[in-house]
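Worksheet: the structure to be examined is printed underneath.
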Amino acid sequence: MQARLQDRVAVITGAGSGIGLATARRFASEGAKVVAVDLNPDAGKAAAKEVGGEFVAVDVADEEAVKALFDGVVERHGRVDIAFNNAGISPPDDDSILDTGIEAWERVLKVNTTSVYYCCKYVIPHMLAQGKGSIINTASFVALLGAATSQIAYTASKGAVLSMTRELGVQFARQGIRVNALCPGPIATPLLMELFAKDPERAARRLVHVPMGRFGNPEEIAGAVAFLASDDASFITASTFVVDGGITGAYVTPL
Ligand code: NAD
């Protein structure tokens with residue numbers, strides 16, 4: 001493997017599971033020093049140990065903790081090159097707008113969107129001082145497509161991540177900071193499998209829209225994140241980077 005991220009300091013939120021974990025592995029295999037962040041200490045510690053990185057327990061919805069995270073990383077490692085702001089939730093009480101209460105709405109917006117605002121707010125000053133940095137914020141294909149099987153707060157939260165990311169990419173483009181939104185399609189992680197895929201009928205209802213006819217796997221997203229993090233993507237910023245098996249391009253899919 002080409003070491004495109006040799007000695008880069010990379011913070012990954014939600015590194016204990018799914019897309020974050022696969023990206024921690026991929027970043028480490030390309031030479032990065034990984035700071036694995038998670039709310040779940042067991043999963044986060046295991047991820048950090050596996051990739052020879054460092055674990056920091058942070059609730060990304062806690063402003064002070066996020067500020068301390070990035071200040072601490074720069075104190076200990078001298079810099080922060082990559083921020084993969086990826087932690088997110090998709091709880092069962094987030095459903096149709098008719099059934100979703102304000103408590104669920106606010107919780108989802110806080111963990112999925114406000115956390116990205118905090119992470120960007122507190123990493124960008126360090127990147128400005130360095131004159132370089134790559135930020136990748138995890139949005140979703142649901143920021144681009146509507147679903148009749150609604151999760152209203154989740155969808156709104158990811159739309160906000162997408163537009164916030166675009167604006168940051170434009171604002172800081174001349175100061176060496178690239179900011180891109182990653183829009184994964186449905187990926188076979190614990191989050192998705194729990195929600196949709198346990199029931200074959202529910203899975204089939206979704207898979208019919210995927211030209212490739214399958215859910216993605218976390219490693220396929222990690223490859224895209226490593227690309228966006230690396231200098232191979234040096235002319236890419238403010239993008240809506242879709243990795244979705246063709247869903248957003250499809251009308252009639254293959255039989
Ligand atoms: P996952 O549930 O497998 O992993 C998420 C990780 O984030 C967990 O380790 C969890 O402990 C951590 N986390 C949750 N809340 C946190 C908090 N407040 N502070 C710190 N860590 C926290 O999920 P995943 O499927 O890998 O999803 C990762 C991201 O990708 C999420 O933002 C999700 O919305 C997005 N996404 C997922 C899919 C999919 O199909 N799986 C599709 C599009 C987008």
Side-chain angles (χ1 to χ4, degrees), residues 11-26 35-48 50 55-66 68-70 83-92 94 106-119 136-145 147 149 151 153-162 164-165 181-198 202-203 206-207 209-210 212 214-222 224-225 240-245 247-248:
V11 175
I12 302 175
T13 70
S17 175
I19 293 168
L21 177 59
T23 304
R25 290 174 176 144
R26 178 65 186 251
V35 178
V37 174
D38 210 286
L39 192 58
N40 177 335
D42 294 338
K45 273 183 206 159
E50 185 189 329
F55 169 63
V56 186
V58 173
D59 176 352
V60 291
D62 176 341
E63 179 168 10
E64 284 309 311
V66 171
L69 164 70
F70 288 109
F84 180 34
N85 301 321
N86 164 74
I89 56 169
S90 180
D94 174 24
E106 286 181 340
R107 178 165 22 95
V108 171
L109 267 287
K110 195 153 190 219
V111 176
N112 290 5
T113 309
T114 309
S115 71
V116 175
Y117 156 79
Y118 290 150
C119 288
I136 301 106
N137 295 329
T138 305
S140 168
F141 70 113
V142 303
L144 302 165
L145 291 176
T149 51
Q151 291 179 279
Y154 183 88
T155 297
S157 76
K158 294 301 186 177
V161 169
L162 182 60
M164 171 167 42
T165 303
L182 177 78
C183 291
I187 306 301
T189 65
L191 184 145
L192 179 108
M193 297 319 270
E194 182 59 33
L195 269 171
F196 301 138
K198 274 196 301 200
R202 295 181 83 192
R206 287 158 179 86
L207 284 172
H209 298 287
V210 188
M212 288 193 181
R214 63 174 176 86
F215 295 124
N217 64 58
E219 291 71 29
E220 290 173 306
I221 300 301
V225 183
T240 298
F241 202 89
V242 176
V243 185
D244 71 348
I247 302 171
T248 51

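Note that ligands are numbered from 1 as they come in the structure, with each ligand's atoms numbered from 1 the same way.
- With ligand atoms numbered from 1 in the order given, ligand 1 contributes 29 (C), 30 (O), 32 (O), 35 (C) to contacts under 4.0 Å with heavy atoms of T138.
- If you check which protein heavy atom lies closest to atom 24 (P) of ligand 1, you get T189 OG1, 3.7 Å.
- Side chains of R206 and T149: a donor-acceptor N/O pair is present below 3.5 angstrom, by distance only.
- Protein heavy atom closest to atom 20 (C) of ligand 1, with residue, atom name and distance, is V58 O, 3.2 Å.
- At the top of the distance list for atom 5 (C) of ligand 1, counting protein heavy atoms only, stands G88 O, 4.1 Å.
- The shortest N or O to N or O distance between I187 and ligand 1 is under 3.5 Å.
- Looking only at side-chain heavy atoms (C-beta outward), C119 and N137 stay at 4.5 Å or farther from each other.
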F55 and D38: side chain to side chain contact (heavy atoms under 4.5 Å, CB included), yes or no, with the steps?
-> CA-CA 8 Å; F55 169 63; D38 210 286; 4.2 Å; yes
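- Using modelled atom types, one side-chain atom of K158 and one backbone atom of T138 make a donor-acceptor pair closer than 3.5 Å.
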Could you walk me through whether C183 and L162 pass the side chain to side chain contact (heavy atoms under 4.5 Å, CB included) test, one step at a time?
-> CA-CA 8 Å; C183 291; L162 182 60; 4.1 Å; yes
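- Each of the following atoms of ligand 1 lies closer than 4.0 Å to a heavy atom of S17: 1 (P), 3 (O), 4 (O), 8 (C), 9 (O), 26 (O).
- Residue, atom and distance of the protein heavy atom nearest to atom 38 (C) of ligand 1 are G185 O, 4.2 Å.
- The side-chain heavy atoms of V243 and P184, taken from C-beta on, include no pair separated by under 4.5 Å.
- In terms of modelled atom types and a separation under 3.5 Å, the side chain of D94 and the main chain of A153 share a donor-acceptor contact.
- The shortest heavy-atom distance from A139 to ligand 1 is under 4.0 Å.
- The nearest heavy-atom contact from the protein to atom 18 (N) of ligand 1 is D59 OD1, 2.9 Å.
- Polar contact check, N86 against ligand 1: a nitrogen or oxygen pair lies under 3.5 Å apart.
- The ligand atoms of ligand 1 that sit less than 4.0 angstrom from a heavy atom of I89 are 14 (C), 15 (N).
- Checked by atom type and distance alone, the side chain of T13 pairs as donor or acceptor with a backbone atom of A87 at under 3.5 Å.
- Every atom of ligand 1 is numbered from 1 in the order shown, and the set under 4.0 Å from a heavy atom of P186 is 40 (O).
- At a heavy-atom cutoff of 4.0 Å, ligand 1 is contacted by no atom of S90, backbone or side chain.
- For a threshold of 3.5 Å applied to N or O pairs, the pair formed by G14 and ligand 1 contains no separation below that value.
- Residue-ligand proximity, G18 to ligand 1, at heavy-atom distances under 4.0 Å covers atoms 3 (O), 26 (O).
- In this structure a side-chain-to-backbone donor-acceptor pair under 3.5 Å is present from E220 to N217.
- Nearest heavy-atom pair, T155 versus V142, reported as atom, atom and distance to 0.1 Å: CG2-O, 3.4 Å.
- In this structure, atom 21 (N) of ligand 1 lies nearest to the protein heavy atom L39 N, 3.2 Å.
- The number of heavy-atom neighbours closer than 6.0 Å to CE of M212, taken from other residues, nucleotides and ligands shown, is 12 or below.
- Counting only heavy atoms of the protein, atom 11 (O) of ligand 1 lies nearest to D38 OD1, 2.6 Å.
- Considering only non-hydrogen protein atoms, atom 36 (N) of ligand 1 sits nearest to Y154 OH, 3.5 Å.
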Begin with the C-alpha distance, continue with both residues' side-chain angles, and end with the deciding distance and a verdict on side chain to side chain contact (heavy atoms under 4.5 Å, CB included) for M164 and V116.
-> CA-CA 9 Å; M164 171 167 42; V116 175; 3.9 Å; yes
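- Any N or O atom pair closer than 3.5 Å counts here, and I19 shares at least one such pair with ligand 1.
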